[in-house]
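Comments concern the structure below.
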Amino acid sequence: MARLSRTLLPTLKDPPADAEAVSHKLLVRAGMVRQMGSGLWTWLPAGWRTHRKVEAIIREELDRIGAQELSMPVLQPAELWQATGRYDIDELFKLEDRKGSPMVLAMTHEECVTGHMAREVRSYRDLPRIVYQFQVKERDEPRPRAGVLRTREFVMKDAYSFDRDSEGLEHSYGLCVEAYDRIFDRTGLRWYRVESDVGMMGGSGAHEYMAPCAAGEDTIAIAPDYAANLEVASALPQGFERPPALEGPEAVDTPGLKTVEEVSAALGLDPGALIKSVPVVTDSGDFILVLVRGDHQVNQVKLANALGEASRPAREDEIAGKLGPPGFIGPVGAEVRIVKDEAISGGGLVTGANRPDAHLRGVEPGRDFEYEQMDVRTVVRGDLTESGDEITLEPAIEVANIFKLGTRYSEPLGATYLDPDGREQPIVMGSYGIGPARIVAAAAEQLSDEHGLVWPADIAPWQVHLVSLAKAGEEATEVADRLYGELTDAGMEVLYDDRDAGPGQKLTDAELLGCPLRVVVGRRGLAEGIFEVSERGTGVDHKVPVEQGSDAIIALAGDRA
RNA sequence: CGGGGCGUGGCGCAGCCUGGUAGCGCGCACCGUUCGGGUCGGUGAGGCCCCCGGUUCGAAUCCGGGCGCCCCGACCA
């Protein structure tokens with residue numbers, strides 16, 4: 001069934017010139033994926049085997065918590081999307097059918113599944129339910145990148161929970177967390193479950209599953225008992241050398257010194273002793289002066305969450321008249337709304353003087369200006385968790401996310417039920433996504449070496465890569481054929497390299513593809529009466545006596561799984 | 001959306017500046033050779049030089065427009 005001589009497995013000596021990410025290079029070289037267009041990929045047979053193995057793990061674990069698989073269409077009428085207000089999202093592919101009716105290609109399926117539940121669920125007795133599907137998602141990404149990591153079309157496992165109330169949601173959410181934890185353990189990835197931003201999905205809580213690797217687009221903040229997306233991470237700031245407090249603010253001349261670096265250097269102070277003043281304008285038009293420590297950055301996501309709305313940096317014309325010139329802005333005497341980050345404390349601080357070429361020192365929040373205090377800064381490496389552990393930052397791929405949606409979709413789509421008292425209530429929802437392709441790519445990123453891929457046993461395209469080094473007609477060919485038959489009959493997944501090719505090519509291809517066990521049948525081993533079995537990744541070799549043949553190899557494969 | 005780069009047999013590239021009818025390596029086919037780490041030699045097939053328009057006796061090359069792809073940033077249910 002899987003004789004390499006008849007398998008579509010186009011391995012490449014060189015990676016595509018435009019590939020940067022390790023997973024991109026290796027998955028293409030190993031003949032697992034091919035590009036069709038920007039962000040559009042074909043999964044070739046070997047790649048699809050791995051993809052489906054990931055799907056199988058997900059399916060088993062979701063079935064185990066009582067979730068039910070279904071399948072919804074990708075092509076959908078635009079109506080539902082107009083109802084939830086998501087029709088205007090730029091990433092949504094929009095089209096018309098032949099009658100001119102507006103249609104969309106679904107980028108996710110909340111609208112569709114909630115639309116169904118609105119019709120089918122009537123009573124509290126119909127709840128809770130958890131359903132899921134594996135279905136293609138279409139997203140017109142502004143910039144697809146890194147091979148299969150960020151694409152415009154991809155299969156997502158999306159699950160949706162429907163409960164009577166938020167307690168029920170907590171329970172369903174907990175079940176999904178359990179299932180997801182097991183799924184990611186089984187994939188063999190190194191992973192974290194982190195707190196995440198609820199983003200445009202709305203709702204009351206969210207986590208992401210993150211696989212650390214160099215090609216990751218996100219950054220996660222990690223400590224022994226802490227894990228969060230950097231977008232929302234929160235921590236205790238590090239100390240700095242604090243200048244002496246003064247009776248009141250004192251002006252100092254700082255001609256031309258506009259940046260934190262310039263001012264702190266000129267005054268001989270730690271950057272942490274400065275207050276960085278960032279004027280922003282919110283979506284609703286509110287003008288706010290945001291203050292963070294000189295050695296910190298404003299975190300747009302945390303700021304939006306703290307303010308309850310998004311904001312952007314203020315333009316110079318908006319600042320003029322309210323505050324000093326850029327580089328010399330400060331909170332003292334400013335008649336604007338002031339939000340101070342909670343990492344700023346104590347006195348003796350330095351701020352802009354709101355006039356050209358001058359700063360103030362000895363500034364103390366509270367005494368010298370009024371403020372609202374919020375947590376709006378981006379955590380930096382070395383900050384401490386509440387239990388005193390240092391935080392490290394790592395790039396990571398988001399491989400899954402889970403949201404407590406609440407009634408964000410059930411309300412606009414009229415998904416309600418009657419409670420025991422006969423009152424109409426909105427269904428409380430959760431949504432749970434996993435990208436199998438990203439799991440495949442993350443495994444390639446995390447586990448490869450200089451020779452190629454190294455698949456965890458449970459998601460490898462084949463368990464055994466059987467390499468015959470014999471020429472046609474040699475006795476070794478018969479031996480390899482027989483071993484292949486025995487292993488296959490025993491239910492093993494075997495890729496049998498029976499090609500008429502040199503040993504170098506066959507062995508390097510086996511390493512490139514990265515199946516857990518490589519079995520070499522060749523004259524040299526047979527002279528000793530053995531098959532040579534190598535474990536990919538560990539470098540451990542076994543000499544398996546020919547007479548024990550398939551049984552011993554099956555046992556070794558079992559050990560690796 | 002801003003910035004940068006690229007587009008020439010299946011893959012990786014040279015040729016373009018300085019116009020003259022396309023070349024290299026790998027791969028592929030065949031013959032021989034070799035056979036435990038991408039053997040070696042020979043023969044051969046394969047190209048609308050991304051597209052459209054312009055300049056020119058003549059355009060892969062120069063000019064204009066378009067399309068596609070990649071990278072950095074913004075963005076990212």
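Per chain, numbering begins at 1; letters A, B, ... match sequence-line order.
Nucleotide B/G73 has B/C1 as its partner under the Watson-Crick or G-U criteria, with both atom distances under 3.5 Å. Across all strands shown, B/U56 has no partner, as no Watson-Crick or G-U wobble contact with both distances under 3.5 Å is found. With both pairing distances under 3.5 Å, B/C40 is matched to B/G32 as a Watson-Crick or G-U wobble pair. In this entry B/C49 has no Watson-Crick or G-U wobble partner, no candidate having both defining distances under 3.5 Å. With both pairing distances under 3.5 Å, B/C6 is matched to B/G68 as a Watson-Crick or G-U wobble pair. With a 3.5 Å ceiling on both atom-pair distances, B/U21 lacks any Watson-Crick or G-U wobble partner.
Residue A/Ser38 has no polar side-chain atom (N or O) positioned under 4.0 Å from OP1 or OP2 of B/G68. One finds a side-chain N or O of A/Arg143 lying less than 4.0 angstrom from the OP1 or OP2 phosphate oxygen of B/C72. In terms of phosphate contacts, A/Arg145 brings a side-chain nitrogen or oxygen within less than 4.0 Å of OP1 or OP2 of B/C72.
The distance from atom CZ of A/Arg86 to atom C1' of B/C76 is 14 Å, rounded to the nearest whole Å. Atom C1' of nucleotide B/C76 and atom NZ of A/Lys137 are separated by 17 Å, given to the nearest angstrom. The CZ-P distance, from A/Arg29 to B/G27, rounds to 14 Å in whole Å.
In A/Glu547, the CD atom is crowded: over 12 heavy atoms of neighbouring residues, nucleotides or ligands sit closer than 6.0 Å.
Residues A/Glu138 and A/Arg152 are not paired through a salt bridge, judged by the lack of any N-O separation under 4.0 Å between the basic side chain and the carboxylate.
Side-chain N/O atoms of A/Glu511 and base N/O atoms of B/G37 include a donor-acceptor pair closer than 3.5 Å. Counting distance only, with no hydrogens placed and no angle test, the side-chain atoms of A/Gln505 and the base atoms of B/G37 include no donor-acceptor pair under 3.5 Å.
The distance from the CG atom of A/Leu40 to the CZ atom of A/Arg34 is 16.0 Å, given to the nearest 0.5 Å.
Under the 6.0 Å cut-off for aromatic ring centres, A/Tyr209 and A/Tyr180 qualify, their centroids lying closer than that. For A/His24 and A/Trp41, the ring centers sit closer than 6.0 Å to each other.
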